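Everything below concerns the one structure shown next.
Throughout, a chain's letter reflects where its sequence line sits, starting with A, and its residues are numbered from 1. Keep in mind that what you see is a predicted model, and the values were worked out from it rather than measured.
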2 protein chains.
Amino acid sequence: MSGKDTYKDLLKTGNLKSTKHRNALLETLEQSGLPLTAEELFLRLKEKNVSISLSTVYRILETLVDKGFVIRSQLATGNKALYELSHKDHHHHLHCVRCRQIFPVDGCPLEDYEQLLADRFGFTVTGHNLEVFGYCEKCKDHKQDG
Amino acid sequence: MSGKDTYKDLLKTGNLKSTKHRNALLETLEQSGLPLTAEELFLRLKEKNVSISLSTVYRILETLVDKGFVIRSQLATGNKALYELSHKDHHHHLHCVRCRQIFPVDGCPLEDYEQLLADRFGFTVTGHNLEVFGYCEKCKDHKQDG
DNA sequence: CTCCAAAATAAGAATCATTCGCATTTGCAT
DNA sequence: ATGCAAATGCGAATGATTCTTATTTTGGAG
């Protein structure tokens, strides 16, 4: 499951060398079903005894985003960027404003909308970003607490 | 048009004092149909001969966001936050990845979706953020240029 | 109108995420 | 096995945003 070359072929399609750091980082992203910050990735890699520097984490992420293997997003409220694999099915996340948990939701309500934008404004959509905020099932009763 | 107390009543509803800085900042946001960064606001205020410090711009924006008068958003690709008035009709923006222009689009495709999230996941939506990326009409022919 | 306490602002230091520079190491084609 | 380009480590640099403290302004009470 946790081979050191698991992502060799993927990396090769981007003309990227297969290094232990890149493989471990991709594996960590894959194991986490949810988007992670650079620092979270850094810490999880350390837990796996992968010796890596934080700037390398950032550099690898930048490279993978450029190649389209990873998606970077940034919450309106947060200062840190989030990263997740892009080879999965298109989906979005629900952000609970109370417990801060993130819930993935398969599917996307925007396909028709993108066509409408093309028709009405001549805008050629290449991607989008959707964050939904609110209260998750467990927290909805505490909506007043602040 | 450009009275110094134009937003006095609005500010009062938030228990905020009516200061020249807050009025001028709100006026500047209103005059710009598009979201602005803190620094852009700072510069536009200087052009209007409003003497203000950048940290005050940030502090006022934070206050207005807390009160719900201003909406803060952050692009997945960008490092700077964007601010716009929230008393207008709900809308979204198209971001041209080539010329960097921002195009507002009235309306929102997500109303039904939010109800679906409530029904299926018990998630109580309080807000959302949608960025759409692509090529505007003028730039779409240069999609290959990079 | 004057005075006061609370709120707001200026100025710049501090913080935090992210990027950069350069010396060293590693992957991989030959 | 060898060499060179690509990748990494480490710490310094950057840039947006926040914080600290002294000073000024606002809005209400008298």
Side-chain angles (χ1 to χ4, degrees), chain A residues 3-26 28 35-43 45-46 48-67 69-70 72-83, chain B residues 3-26 28 35-43 45-46 48-67 69-70 72-83:
Chain A
K4 51 189 73 161
D5 273 349
T6 315
Y7 300 92
K8 187 170 190 171
D9 293 340
L10 176 70
L11 289 165
K12 184 172 281 184
T13 67
N15 284 318
L16 300 175
K17 288 184 178 176
S18 172
T19 70
K20 68 168 183 248
H21 298 93
R22 286 173 176 167
N23 279 282
L25 190 150
L26 285 164
T28 306
L36 299 175
T37 66
E39 193 178 11
E40 284 167 344
L41 273 164
F42 174 66
L43 293 174
L45 287 166
K46 286 196 119 171
K48 291 181 174 188
N49 293 312
V50 175
S51 162
I52 192 171
S53 89
L54 183 55
S55 50
T56 299
V57 172
Y58 276 106
R59 224 173 347 214
I60 291 177
L61 286 169
E62 183 187 19
T63 303
L64 296 176
V65 167
D66 283 349
K67 295 296 181 181
F69 299 152
V70 164
R72 177 190 154 131
S73 59
Q74 186 135 10
L75 298 191
T77 50
N79 33 345
K80 303 182 190 178
L82 294 169
Y83 301 87
Chain B
K4 49 191 72 163
D5 273 349
T6 316
Y7 299 93
K8 187 170 189 169
D9 293 340
L10 176 72
L11 288 165
K12 184 171 281 183
T13 69
N15 284 316
L16 300 176
K17 290 184 176 175
S18 172
T19 69
K20 68 168 185 248
H21 298 92
R22 286 173 176 165
N23 279 283
L25 190 151
L26 285 164
T28 306
L36 299 175
T37 66
E39 195 178 10
E40 285 168 345
L41 273 164
F42 174 65
L43 293 174
L45 287 166
K46 288 195 117 170
K48 291 181 175 187
N49 293 313
V50 175
S51 162
I52 192 172
S53 89
L54 183 56
S55 51
T56 299
V57 172
Y58 276 106
R59 205 162 352 87
I60 291 177
L61 286 169
E62 184 186 18
T63 303
L64 296 176
V65 168
D66 283 350
K67 295 297 180 181
F69 300 151
V70 165
R72 176 191 152 128
S73 59
Q74 186 136 7
L75 298 192
T77 50
N79 34 342
K80 302 182 190 177
L82 295 169
Y83 301 86

Look at all strands and tell whether [X] reaches a base, only sugar-phosphate, or nothing, counting heavy atoms closer than 4.0 Å.
X: B/T63; value: nothing
X: A/R59; value: base
X: A/T37; value: nothing

In whole angstrom, what separates [X]'s [atom1] from [N]'s [atom2]?
X: B/E39; N: D/dT18; atom1: CD; atom2: C1'; value: 16 Å
X: B/L54; N: D/dT17; atom1: CG; atom2: C1'; value: 8 Å
X: A/Q74; N: D/dA16; atom1: CD; atom2: C1'; value: 11 Å
X: A/N23; N: D/dA7; atom1: CG; atom2: C1'; value: 13 Å
X: A/E62; N: D/dA7; atom1: CD; atom2: C1'; value: 13 Å
X: B/E40; N: D/dA16; atom1: CD; atom2: P; value: 11 Å
X: A/L11; N: D/dA7; atom1: CG; atom2: P; value: 10 Å
X: B/L82; N: D/dT17; atom1: CG; atom2: C1'; value: 14 Å

To the nearest 0.5 Å, what is the distance between [atom1] on [X] and [atom2] on [Y]?
X: A/S55; Y: A/E62; atom1: OG; atom2: CD; answer: 11.5 Å
X: A/Y83; Y: A/E40; atom1: OH; atom2: CD; answer: 12.0 Å
X: B/L43; Y: B/T28; atom1: CG; atom2: OG1; answer: 11.5 Å
X: B/L11; Y: B/L26; atom1: CG; atom2: CG; answer: 5.5 Å
X: B/K17; Y: B/K8; atom1: NZ; atom2: NZ; answer: 12.0 Å
X: A/K20; Y: A/D5; atom1: NZ; atom2: CG; answer: 12.5 Å

Check: B/T63 and B/V70 side chains under 4.5 Å, non-hydrogen atoms: no
Residue pair A/L41 / A/L61, side-chain heavy-atom distance below 4.5 Å: yes
Outermost DNA chain C nucleotides near chain B [under 4.0 Å, heavy atoms]: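 First-to-last contact on DNA chain C, by the 4.0 Å heavy-atom rule, is C/dA6 to C/dG12.
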DNA chain D: 5'-proximal contact among B/A81 and A/R22 (nearest heavy atom): A/R22
Heavy-atom donor-acceptor pair, A/S53 side-chain to D/dC10 base, under 3.5 Å: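 Checked by distance alone, the answer is no.
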Just by distance, do the side chain of [X] and the backbone of [Y] share a donor-acceptor pair under 3.5 Å?
X: A/K80; Y: A/T37; result: no
X: A/H21; Y: A/I60; result: no
X: B/Q74; Y: B/N79; result: yes

A/S18 versus A/K12, side-chain donor and acceptor atoms under 3.5 Å: no
Inter-end axis angle, the helix from C/dC1-D/dG30 to C/dT30-D/dA1, with every axis fitted to five base pairs (rounded, 10 degrees):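 The two end axes of the helix from C/dC1-D/dG30 to C/dT30-D/dA1 meet at 30°.
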Under 4.0 Å protein heavy-atom contact, by nucleotide of nucleotides 21-30 of chain D - B base, S sugar-phosphate only: -----BS---
